[in-house]
Amino acid sequence: MSVLAWIVLGLIAGFIGSKLVNRAGEGIFLDIVLGIVGAVVGGVLFNALGAHGVTGLNIYSLCVAVVGSVILLLAYHAFRRAV
């Protein structure tokens, strides 16, 4: 996938994940970063479970990225509360 596709997928996944976790969003830059890292986390998690990870710019990859970003956001908020 190209860098632009990762940014678009990360932005969408980060936005959806932020809305699912805390309803307010973290800001455009942090949403993109958490979405891209969440896509990687989701891909690794899905591969570990025997499914395909992020395969391109499609609905399945978006779902994988959203799952990853939700997991990452939950960890982020738990860490932020602990500090």
Worksheet item: Do side-chain atoms of S61 reach the backbone of L57 as a donor and acceptor pair under 3.5 angstrom?
Response: no

Fill in: Joint hydrophobic cluster, I16 plus I59, side-chain heavy atoms closer than 4.5 Å
no

N/O donor-acceptor pairs under 3.5 Å from side chains in residues 64-73, not counting sequence neighbours:
residue	atom	partner	partner atom	Å
S69	OG	A13	O	3.1
S69	OG	A65	O	3.3
S69	OG	V66	O	3.0

